[in-house]
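Input: a single structure, listed below in structure tokens.
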Amino acid sequence: MTTGTLANGNHSDHTPEPVDDPKRVLIMLDVQVAMLAPPPKGVPSASTVGPNIAAILAHARASVPAPRIVHVRNCGDAGEADERGAPGWALVHAPLPGEFVVDKRKNNAFAGTDLAALVPPTAEIVMVGMQSDFCLRATCSAALARGNEVLLVRGAHATYDRVEVLDHGTITPASVVEEEIEGELEEAGVLLLEMKDLPGLFTDS
């Protein structure tokens, strides 16, 4: 069962019913302590992607009207860094009142959760977080399939180096993997933006 969490700390057996129908939603995907810890525990680009995500969140919170902000938190298996209750499971950015937390166990954040209840199919989604080639790719793809417009900011998502098992264990750097995913998602219909586009990210202008 998915537990919806309000930013005031109250819990319910499901995600609280939204009180509005926003045109825009910022999804903070797995922005957790384990992912943004110093490498090698965290992603290689933690020192840059962390501040970029923080800047996007701060801009969203300051926008009028603000987008709906949903913090998606991965719940890893026992012994993993993001196991529920472990230090690495914690969100890097504490949700403010009116923001939502959705816990997930699958790559696609819409699967087995109440995220769909918080994200209208007509909403424009700004997606940031980890990991580019797993949860972010799966969640962006699911959002596109629902009919959402999806925006992805370069430098505000990240993953780990990839071990090529079928190529004698060679390593593909995380930066290359991230670029591959950007190309794949752009071809599928995701709009790619740069950090310089941040001033107009949550406005109609």
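Positions are given from 1, in the same order as the sequence printed here.
- There is a path of hydrophobic side-chain contacts, each under 4.5 Å, that joins L193 to V31.
- Taking CZ from R24 and CD from E149, the interatomic distance works out to 9.0 Å, rounded to the nearest 0.5 Å.
- The shortest side-chain heavy-atom distance between V153 and D197 does not fall under the 4.5 Å cut-off.
- Here the closest non-hydrogen pair linking C135 and K106 is SG-O, 4.5 Å.
- Separating the NE2 atom in H59 from the CG atom in L201 is a distance of 6.5 Å, to the nearest 0.5 Å.
- Note that CD of E99 is 8.5 Å distant from CG of L26, once rounded to the nearest 0.5 Å.
- The shortest non-hydrogen separation linking L198 to A55 is CD2-O, 3.9 Å.
- Contact record, A109 with L29: CB-CD1, 4.0 Å, taken as the closest heavy-atom pair.
- A distance of 7.5 Å separates CZ of R61 from NE2 of H93, quoted to the nearest 0.5 Å.
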CA sep, side-chain torsions, deciding dist, call: L118, V25, side-chain contact (heavy atoms from CB on, under 4.5 Å): CA-CA 9 Å; L118 295 173; V25 179; over 6 Å; no
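- Contact record, F202 with P67: CD2-CG, 3.6 Å, taken as the closest heavy-atom pair.
- A continuous path of ILVMFWY side-chain contacts below 4.5 Å connects V72 to V150, so both sit in one hydrophobic cluster.
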Less than 3.5 Å apart, which donor and acceptor atoms pair up between the side chains of residues 170-177 and the rest of the protein, not counting sequence neighbours?
unit_1 : atom_1 : unit_2 : atom_2 : d
T170   : OG1    : D167   : O      : 3.2
T170   : OG1    : D167   : OD2    : 3.2
T172   : OG1    : E164   : OE2    : 2.6

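- The two atoms that bring L152 and M127 nearest to each other are CD1-O, 3.4 Å, heavy atoms only.
- Counting all heavy atoms, side chain and backbone alike, R73 lies closest to D30 at C-OD1, 4.0 Å.
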Donor-acceptor list for residues 181-192 side chains, cut-off 3.5 Å, not counting sequence neighbours:
unit_1 : atom_1 : unit_2 : atom_2 : d
E182   : OE1    : R154   : NE     : 3.2
E182   : OE2    : H157   : NE2    : 2.8
E184   : OE1    : R137   : NH1    : 3.2

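- Judged purely by atom type and a 3.5 angstrom limit, R84 has no side-chain atom pairing as donor or acceptor with the backbone of C75.
- Under the 4.5 Å side-chain contact rule for hydrophobic residues, L115 and F100 share a cluster.
- Hydrophobic clustering, with ILVMFWY side chains joined whenever heavy atoms are under 4.5 angstrom apart, groups L151 together with I69.
- Once rounded to the nearest 0.5 Å, the distance linking CG of L144 with CD1 of I125 reads 8.5 Å.
- Every residue meeting the side chain to side chain donor-acceptor pair (under 3.5 Å) condition with N148, not counting sequence neighbours, appears here in chain and number order: R146.
- Judged by distance alone, the side chain of T139 and the main-chain N or O of N108 form no donor-acceptor pair under 3.5 Å.
- Using a 4.5 Å heavy-atom threshold, the side chains of L136 and M130 count as separate.
- Taking E178 as the reference, nothing meets the side chain to side chain donor-acceptor pair (under 3.5 Å) condition, with sequence neighbours excluded.
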Show me the donor-acceptor pairs within less than 3.5 Å that the side chains of residues 33-50 make with the rest of the protein, sequence neighbours left out.
unit_1 : atom_1 : unit_2 : atom_2 : d
T48    : OG1    : S45    : O      : 3.0

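- In this structure, T113 OG1 and R105 CZ are separated by 13.0 Å, a value rounded to the nearest 0.5 Å.
- Hydrophobic cluster membership differs between I53 and L91, with clusters built from Ile, Leu, Val, Met, Phe, Trp and Tyr side chains linked at under 4.5 angstrom.
- Applying the 4.5 Å side-chain rule to ILVMFWY residues, one finds that W89 remains a lone member of its cluster.
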